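Below, read A as the first sequence line, B as the second, and so on, with proteins coming before strands; counting in each chain starts at 1. Given the structure is predicted, the values throughout are model-derived calculations rather than measurements.
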Amino acid sequence: MLQRRTNLEELRKLGVAPYPNRFDPQATIHEVVEAHGARSAEALEAGPTTTRTAGRILAIRSFGKANFLVLSDGRARIQVYVREDSLSPRDFRIYKLLDFGDWVGVEGRLFRTKTKEFTIWASQLEFLAKCLLPLPEKWHGLTDIETRYRQRYLDLVVNPDVRRVFEVRSRVMAAVREFLGARGFLEVETPMMQSIPGGALARPFVTHHNALDIPLYMRVAPELYLKRLTVGGVERVFEINRNFRNEGMSAQHNPEFTMLEFYQAYADYTDLMPFTEALLADAAQHAVGTDRVAYGGQTISLAPPFRRVSLREMAREAASARLGADVAPEDLRSRDKAAALAARLHLEVTPAMGAGRITAAIFEALCEDALVQPTFVYDFPTEVSPLSKQKPDDPDTVERFELYVAGFELANAFSELNDPAEQQRRFEAQLRQRAGGDEEAHAMDEDYIRALEFGMPPAAGEGLGIDRLVMLLTDSHSIRDVILFPLMRPKPVGSGQWAVGSGQ
RNA sequence: GACCGGGUAGCUCAGUGGUAGAGCAGCGCACUUUUAAUGCGCGGGCCGCGGGUUCGAUCCCCGCCCUGGUCACCA
């Protein structure tokens with residue numbers, strides 16, 4: 001470390017700016033490799049090509065008069081051949097002061113070494129920035145998971161696969177926007193700070209606005225605002241942005257996560273199933289070039305159509321299988337019978353839980369993990385779906401589905417409840433659950449009721465977890481692997497320790 | 001929140017109740033096409049923090065902090 005500072009001072013003495021303001025590359029390293037990396041030694045000899053590029057030094061190999069640098073632009077790497085008699089005395093003195101991790105620009109002719117390595121024969125060297133701290137070791141790299149998340153920049157420097165994950169993520173976002181835009185959906189941004197958090201059953205983060213002296217909540221979902229927009233006549237609308245939920249963290253849960261929500265007027269939940277299939281197949285095709293993805297040693301096919309099963313039927317079958325006895329559909333309809341069934345399955349049931357919540361709990365406990373290939377689980381109990389529309393012939397059931405893939409929930413969609421009186425009753429039921437100790441129960445939102453009273457067209461809406469989709473497409477098994485700066489407990493930058501992540 | 005594992009050099013990791021170890025990285029020298037370069041030499045540590053047991057603790061005991069995984073809740 002001291003040596004690096006000494007080298008920086010030596011550069012200054014040479015009149016070399018250790019942090020110059022700009023450099024003019026002709027091409028990125030990635031572009032140079034793309035354009036010329038396949039050319040043979042003879043071809044490079046016959047048609048000499050000079051290039052000018054820049055990157056971070058990932059290796060220095062010195063052999064007396066023959067010296068090699070490996071530069072990276074974060075996407076590709078290229079070797080640079082440095083010899084004293086090809087450079088000006090100034091540039092060679094710069095070379096002697098380089099450290100692993102420094103940023104440099106080079107200009108030179110492309111060729112292949114005796115070992116066929118594609119290489120730039122440096123004729124000019126520009127110093128671009130000093131790396132004062134040692135980078136992780138080149139062979140084992142950076143494997144400490146905590147440091148990888150806290151100091152993602154080091155992870156990106158040393159682990160090339162990490163860059164790929166975030167390139168996939170970027171393409172997923174672009175493909176989703178393109179898909180929806182092409183179908184007439186308007187992208188909007190709605191409040192992330194809300195005075196009444198709503199649209200999902202979850203505990204919010206609380207903050208405070210000083211000038212208004214009011215509490216504000218970080219949104220748990222954009223749902224109620226997007227539906228207000230359908231009231232306003234925006235027939236197709238979507239938002240991709242962060243939601244915040246003040247709950248536990250796990251391999252599938254980060255306190256802030258990115259969700260796509262979209263709403264389509266005049267449609268119901270059955271319309272969204274083929275729509276979702278097409279959206280996912282398209283996103284996969286654009287992001288990774290295939291709709292068959294490897295995940296945890298299994299192959300998951302995102303090719304339509306996906307399997308469809310009713311939630312009650314799945315819960316009933318799974319309970320029957322677990323108990324080795326036939327469970328009748330009625331056993332999930334009455335509260336007493338459902339509670340007795342849950343007890344036999346060793347599931348915890350609170351007094352506030354009705355037959356619907358118990359059925360959902362049975363499904364989650366027994367069925368979720370087994371849903372590896374994409375599966376639409378449809379027809380949820382009304383009790384766990386305060387914003388969904390009931391089936392015309394069955395008021396205890398709503399028109400709702402969740403899409404499960406690889407054992408986790410990827411999307412949640414339903415025919416939107418647009419009857420203000422019924423919505424009022426649902427909110428009141430939620431308030432009773434809240435009074436019964438359920439902190440995730442939905443709050444009353446009178447302005448939302450009023451909006452519905454102005455008339456919301458029939459519509460179907462869906463939320464889709466972008467982080468989880470990226471996990472699926474990149475074979476990532478922790479949500480932290482697809483979020484650049486996942487939340488970490490703040491940690492001081494101690495002696496010898498590196499810096500902190502987003503928890504700072 | 002519960003359970004299991006981890007915290008030793010910049011990085012990756014060994015290790016022991018009695019002066020703290022390796023590889024890589026760093027520094028010096030040699031070397032004109034190497035690529036985990038090689039060879040020789042040299043530096044480098046509150047062994048997570050606090051207490052206890054002990055003549056003596058990095059090691060044993062207790063507590064705490066941080067962290068990875070699993071489970072519970074959630075998308």
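When Watson-Crick and G-U wobble pairs are counted only if both distances are under 3.5 Å, B/rA57 pairs with no nucleotide at all. Judged by Watson-Crick or G-U wobble contacts below 3.5 Å, the nucleotide B/rG50 has B/rC62 as its partner. Across all strands shown, B/rG39 pairs with B/rC29; the Watson-Crick or G-U wobble distances both stay below 3.5 Å. Remark: B/rA20 base-pairs with no nucleotide in the shown strands. Criterion, Watson-Crick or G-U wobble with two distances under 3.5 Å. Pair assignment for B/rG1 gives B/rC71, based on Watson-Crick or G-U wobble hydrogen-bonding distances that are each under 3.5 Å. With a 3.5 Å ceiling on both atom-pair distances, B/rA14 lacks any Watson-Crick or G-U wobble partner. Base pairing annotation: B/rU34 forms no Watson-Crick or G-U wobble pair, as no partner gives both donor-acceptor distances under 3.5 Å.
Atom CG in A/Leu97 sits about 11 Å away from atom P in B/rC27, given to the nearest Å. A straight line from CG of A/Leu87 to P of B/rU32 spans 17 Å, rounded to a whole angstrom. If you take CZ of A/Arg5 and P of B/rG26, they are 17 Å apart, rounded to a whole angstrom. The CG-P distance, from A/Leu133 to B/rG10, rounds to 12 Å in whole Å. A/Ile145 places its CD1 atom 10 Å from the P atom of B/rC13, with the value rounded to the nearest Å. Put simply, OH on A/Tyr81 is 6 Å from C1' on B/rU32, counting in whole angstrom units. In this entry the distance linking CZ of A/Phe118 with C1' of B/rU35 reads 16 Å, nearest Å. Summarising the geometry, the separation between NZ on A/Lys65 and P on B/rA30 is reported as 12 Å, rounded to the nearest angstrom.
Contact annotation for A/Phe111: base contact, defined as any heavy-atom pair under 4.0 Å involving a base atom. Looking at heavy-atom distances under 4.0 Å, A/Asp467 makes no contact with the nucleic acid at all. No engagement by A/Glu348 is indicated, since no non-hydrogen atom pair under 4.0 Å with the nucleic acid exists. Across all strands shown, A/Asn254 has heavy atoms under 4.0 Å from base atoms, whether or not it also approaches the sugar-phosphate. Residue contacts for A/Gln252: at a heavy-atom cut-off of 4.0 Å it reaches a base atom on one of the strands shown. Here A/Arg83 lies in heavy-atom contact (under 4.0 Å) with a base.
Comparing B/rG68, B/rU34, B/rG26 against the side chain of A/Tyr149 picks out B/rG68 as the nearest. Distance from the side chain of A/Asp99 is smallest to B/rC27 among B/rU34, B/rG68, B/rC27. Of the candidates B/rU34, B/rC66, B/rA72, B/rC66 carries the atom nearest the A/Arg150 side chain, counting heavy atoms from C-beta on. When distances run from any side-chain atom of A/Ala66 to the nucleotides B/rG26, B/rU34, B/rU32, the shortest one goes to B/rU32. For A/Ser478, the side-chain atoms get nearest to B/rG69 when compared with the rest of B/rC31, B/rU33, B/rG69.
For the P atoms, the distance linking B/rG17 with B/rU34 amounts to 48 Å, nearest Å. Between the P atoms of B/rG56 and B/rG52, the separation comes to 11 Å (whole Å). Taking atom P on both B/rC42 and B/rC65, the two are 44 Å apart, rounded to the nearest angstrom. Between B/rC27 and B/rG44, the distance separating the two C1' atoms is 11 Å to the nearest Å. Using atom P as the reference point in both B/rC49 and B/rA20, the two lie 16 Å apart (nearest Å). Here, B/rU8 and B/rC71 have their C1' atoms 31 Å apart, quoted to the whole Å. A gap of 15 Å separates the P atoms of B/rU12 and B/rA25, to the nearest Å. Remark: the separation of the C1' atoms in B/rU16 and B/rG21 is 11 Å, to the nearest Å.
Within 3.5 Å, a donor on the side chain of A/Thr113 pairs with an acceptor on the base of B/rU34, or the reverse. On a pure distance criterion of 3.5 Å, no polar donor-acceptor pair joins the side chain of A/Glu117 and the base of B/rU33.
By the 4.0 Å N-to-carboxylate-O rule, A/Lys227 lies close enough to A/Glu223 to be salt-bridged with it. Checked for salt-bridge contact, A/Lys130 and A/Asp99 meet the test: a charged N lies under 4.0 Å from a carboxylate O. Of the charged side-chain nitrogens involved, at least one lies within less than 4.0 Å of a carboxylate oxygen, so that A/Arg400 and A/Glu402 count as a salt-bridged pair. Under 4.0 Å is where a charged nitrogen must lie from a carboxylate oxygen, and between A/Lys389 and A/Glu416 no such pair does. Between A/Arg169 and A/Asp467 there is a salt bridge, with a side-chain nitrogen of the basic residue lying less than 4.0 Å from a carboxylate oxygen of the acidic one. Ion pairing of A/Glu9 with A/Arg4 is absent here, as no side-chain N (NZ or NE/NH1/NH2) approaches a carboxylate O to less than 4.0 Å. Salt-bridge annotation for A/Asp85 and A/Arg83: present, with a side-chain N of the basic residue lying under 4.0 Å from a carboxylate O of the acidic one.
Among A/Phe363, A/Phe376, A/Phe306, the single residue meeting the ring-ring contact (aromatic ring centres under 6.0 Å, His included) criterion with A/Tyr404 is A/Phe363.
Distance check, rounded to the nearest 0.5 Å: CG of A/Leu272 to OH of A/Tyr378 gives 15.5 Å.
Comparing A/Asp369 and A/Phe257 by the nucleotide of RNA chain B that holds the closest heavy atom to each, the one mapping nearer the 5' end is A/Asp369. Toward the 5′ end of RNA chain B lies the nearest nucleotide of A/Arg480, the other residue of the pair A/Arg480 and A/Glu247 mapping further downstream.
For A/Arg4, no side-chain nitrogen or oxygen approaches OP1 or OP2 of B/rG10 to under 4.0 Å. For A/Arg61, no side-chain nitrogen or oxygen approaches OP1 or OP2 of B/rU33 to under 4.0 Å.
Residue-nucleotide stacking is not present for A/Phe63 and B/rC31, judged by a side-chain ring centre under 5.5 Å from the six-membered base ring centre and planes under 30° apart.
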